[in-house]
Amino acid sequence: MKTFKYLFVGAMMIGFSAPVMAQNVETDVANISKVINDAYQKDSVNVINNTKDQVKAFMKTYKKNAEGLAGLGRAYLDLAWRNKTPQLQQQYAAAAQEYATQALARGKNKCVDAYLLQGDIYAFNDDGGNAATWYQQAQSIDPKEPLGFIKYARVYRKISPQVSAETLDKLRAERPDYPVDAVAAHFFYQADQTDKAFEHYSKANIGALTEDELKEFALSGYMEGKNEKALEVAEYGLGKFPNNAVLNRMAFYNSLVAKNYDGAIAHANKYMSLGDAHITAFDYMQLGHTYMGKQDYAEAVNSFRKSIEMRESKDALKYLSSAYSKNGDYAKAIETFERYMEVSGSAKADDYESLADIYTSIAADEATEESAKKDAIRKAEQMYAKITDMSPETKFYWYKRAQMNMQLDPECKEGLAKQSYDKLMELVNNSSEQSDNDQVYKRRAYRFYAIYYYQKKDVANAKSWAEKLLVLDPSDAACQQIAKMK
């Protein structure tokens, strides 16, 4: 039933229709709505039965009042939207329909709340056509009530964007004082259409936006990848509401995207110090990325570990492994990466490449002993071997295998790199097009073959390969000498 996207769950609360009610009706509707909501919080199954006495008392006063009846119906419709059980959804929607029918009868075509409620009920039941009809009638009954226009525009957002835009323009004409774009943005945000929410908030007067609207503006910008604007909005909002957790979080996240790591850390610290902040594993993951960008790898390790303590995820494990590696704790890096691969279930080529990167980092570290360096290089080569098994036609990984073997056998005496270079050259020679990388591969392979055959005392082959390399790189001193051999 929730496939219908024309309406917005949060926008169905009774407060949105308050302007057309007399003050005492508004207050009483708010009170009965609270009774119903409180009963739902305690027992979502038996709300109607558990509130029958209070509703009966309300009906004694408002059984002939269209606004009051519409408000009561909306309270039940709100429960229908919130509940996830189809049977209860229908039960609350039926209660809403009962009071909508009564409100329409009592209103005698004058109660705009009744028409809006009836449209919302059709929307709940995935009937956009009828919903639009009732919203259009609401516009006719009271052209100064914004919701008839906004909800109608919402229905037509995907069907006809032009009709949707024209409807909002009509509202602007009727109510030039009304914050059309801010309200429309809120409804789009509630409907999880953050692209349209961001679009409308961008048109609104930012100075007139409420604290909640500024939060939605910043959030929708972040979710749509409009990070520069989202950061601007978050920082503007913090000028007014410095202790708002969401705005601090958005300033943190978007500063990270902007690579303003000091700013991101400052906002993160403020956000995480707020009592009402609901800190998540993702927050700590983002903080870890921030410290990685700042090259403070020890703090990155701490942040990723905190993320995993809250909720272990394969992404956090992979990032933690990288932080350990950058921090020089290679044993922990490998242990964590192996845990990542265990959680992932099936290793991919880039997983083996990441593990190879850790081993090459070990080998490149000046503090690593020579025997340990060679062992790390062998393990890196083994990782690349796994990749070539998975993807035997990918030239780059054969090249990486050759490079690892060249580090183990730099004088080419054992010819450890020969198998990899043989396969690499087969792939290069069979390529329909030659790339810049292919030229690099040829130069490295030709040089290897020249030196390898020289070590084998096969002068003819050594000279042949040396001459091929000198065509590509005339400055190579070793091959110049080999080419001159008799």
Side-chain angles (χ1 to χ4, degrees), residues 330 334 337-338 341 346-365 368-473 476-483 485:
Y330 303 115
I334 293 168
F337 201 88
E338 287 174 346
M341 293 175 76
S346 59
K348 300 180 180 64
D350 60 354
D351 294 331
Y352 289 119
E353 185 173 13
S354 295
L355 199 49
D357 287 342
I358 298 174
Y359 287 121
T360 53
S361 295
I362 295 172
D365 195 320
T368 305
E369 294 182 359
E370 194 63 31
S371 61
K373 285 186 178 183
K374 288 187 175 180
D375 184 59
I377 293 169
R378 286 190 190 96
K379 289 179 177 176
E381 196 279 334
Q382 290 168 9
M383 295 303 105
Y384 287 120
K386 289 180 181 292
I387 300 173
T388 56
D389 288 343
M390 298 170 70
S391 182
E393 303 303 310
T394 303
K395 290 178 279 189
F396 175 74
Y397 295 114
W398 286 106
Y399 172 70
K400 294 297 292 186
R401 287 188 68 180
Q403 291 301 293
M404 295 301 103
N405 281 305
M406 284 294 291
Q407 291 186 57
L408 294 171
D409 179 27
E411 295 181 0
C412 308
K413 290 182 178 180
E414 298 178 58
L416 297 182
K418 187 174 185 301
Q419 179 186 1
S420 298
Y421 275 130
D422 286 348
K423 180 63 178 178
L424 178 60
M425 286 299 95
E426 176 189 327
L427 295 172
V428 169
N429 292 330
N430 289 336
S431 295
S432 57
E433 296 181 3
Q434 294 289 299
S435 67
D436 291 340
N437 284 340
D438 287 338
Q439 296 304 306
V440 173
Y441 299 152
K442 285 181 178 181
R443 286 197 296 272
R444 294 295 177 88
Y446 294 170
R447 191 175 199 278
F448 163 77
Y449 288 132
I451 296 173
Y452 170 73
Y453 285 113
Y454 170 79
Q455 296 286 19
K456 292 289 184 181
K457 303 187 185 306
D458 184 342
V459 175
N461 265 324
K463 288 185 65 173
S464 174
W465 288 108
E467 289 166 357
K468 286 183 179 181
L469 175 63
L470 292 173
V471 172
L472 300 176
D473 183 6
D476 189 281
C479 285
Q480 287 175 353
Q481 293 299 316
I482 293 172
M485 292 175 62

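For reference, positions follow the sequence shown, starting with 1.
With D438 contributing its side chain and V428 its backbone, the two residues share no donor-acceptor pair below 3.5 Å. Judged purely by atom type and a 3.5 angstrom limit, N461 has no side-chain atom pairing as donor or acceptor with the backbone of Y453. Between the side chain of W398 and the backbone N or O of P392, at least one donor-acceptor pair lies under 3.5 Å. A donor-acceptor distance shorter than 3.5 angstrom exists from the side chain of N430 to the backbone of E426, with no hydrogens or angles considered. Using a distance-only test at 3.5 Å, with no hydrogens or angles considered, a donor-acceptor pair links the side chain of N429 to the main chain of M425. A distance-only check finds a donor-acceptor pair linking the side chain of S361 to the backbone of D357 [under 3.5 Å].
No salt bridge links E381 with R378; every basic N to acidic carboxylate O contact stays at or beyond 4.0 Å. Comment: D375 engages K379 in a salt bridge, judged by a side-chain N to carboxylate O separation of less than 4.0 angstrom.
Taking the side chain as every heavy atom from C-beta outward, M404 and Y359 never approach each other to under 4.5 Å. With contacts defined as side-chain heavy-atom distances shorter than 4.5 Å, the pair N437/Y399 does not qualify. Between M390 and Y352, the closest side-chain pair of non-hydrogen atoms falls below 4.5 Å. Looking at heavy atoms from C-beta onward, F337 lies in side-chain contact with D351 at the 4.5 angstrom threshold.
Taking CD from E393 and OG from S431, the interatomic distance works out to 9.5 Å, rounded to the nearest 0.5 Å. Note that CG of L416 and CD1 of I377 are 11.5 Å apart. Values are rounded to the nearest 0.5 Å. Atom OG1 of T360 sits about 12.0 Å away from atom CD of Q403, to the nearest 0.5 Å. Note that OH of Y449 is 14.5 Å distant from CZ of R444, once rounded to the nearest 0.5 Å.
Heavy atoms from other residues, nucleotides or ligands lying under 6.0 Å from OH of Y441 number more than 12. Within a 6.0 Å radius of CD in Q419, no more than 12 heavy atoms belonging to other residues, nucleotides or ligands are found. Residue D436 places its CG atom among 12 or fewer non-hydrogen atoms of other residues, nucleotides or ligands, all under 6.0 Å distant.
Qualifying side chain to side chain donor-acceptor pair (under 3.5 Å) partners for Y397, counting only residues two or more places apart in sequence or in other chains: E353. Applying the side chain to side chain donor-acceptor pair (under 3.5 Å) rule to T388 yields the partners R401; only residues at least two apart in sequence or on another chain are considered. Residues satisfying the side chain to side chain donor-acceptor pair (under 3.5 Å) test with S464, not counting sequence neighbours, are none. Shown here are the side chain to side chain donor-acceptor pair (under 3.5 Å) partners of K418, two or more places apart in sequence or in another chain: D422. Legend: residues meeting ring-ring contact (aromatic ring centres under 6.0 Å, His included) with F448, ordered by chain and number and at least two apart, are Y421, Y452. Contacts of T368 classified as side-chain contact (heavy atoms from CB on, under 4.5 Å), with partners at least two apart in sequence or in another chain: I362, D365, A372, K373.
Heavy atoms only, all atoms of each residue included: K442 and L472 are closest at CB-CD1, 3.9 Å. Summarising the geometry of L470 relative to Q480, their closest heavy-atom pair is CD2-CG, 3.8 Å, with the distance given to 0.1 Å. Heavy-atom minimum distance, N405 versus S420: ND2-OG, 4.1 Å. Taking all atoms of both residues into account, the shortest heavy-atom contact from C479 to D476 is N-OD1, 2.9 Å. Nearest heavy atoms, G415 versus D409: N-OD2, 2.8 Å. In plain terms, the two heavy atoms of I387 and A349 that are nearest each other are CD1-O, 3.4 Å.
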Legend entry - E411 and I451: CA distance, side-chain angles, deciding distance, side chain to side chain contact (heavy atoms under 4.5 Å, CB included) verdict: CA-CA 8 Å; E411 295 181 0; I451 296 173; 6.0 Å; no
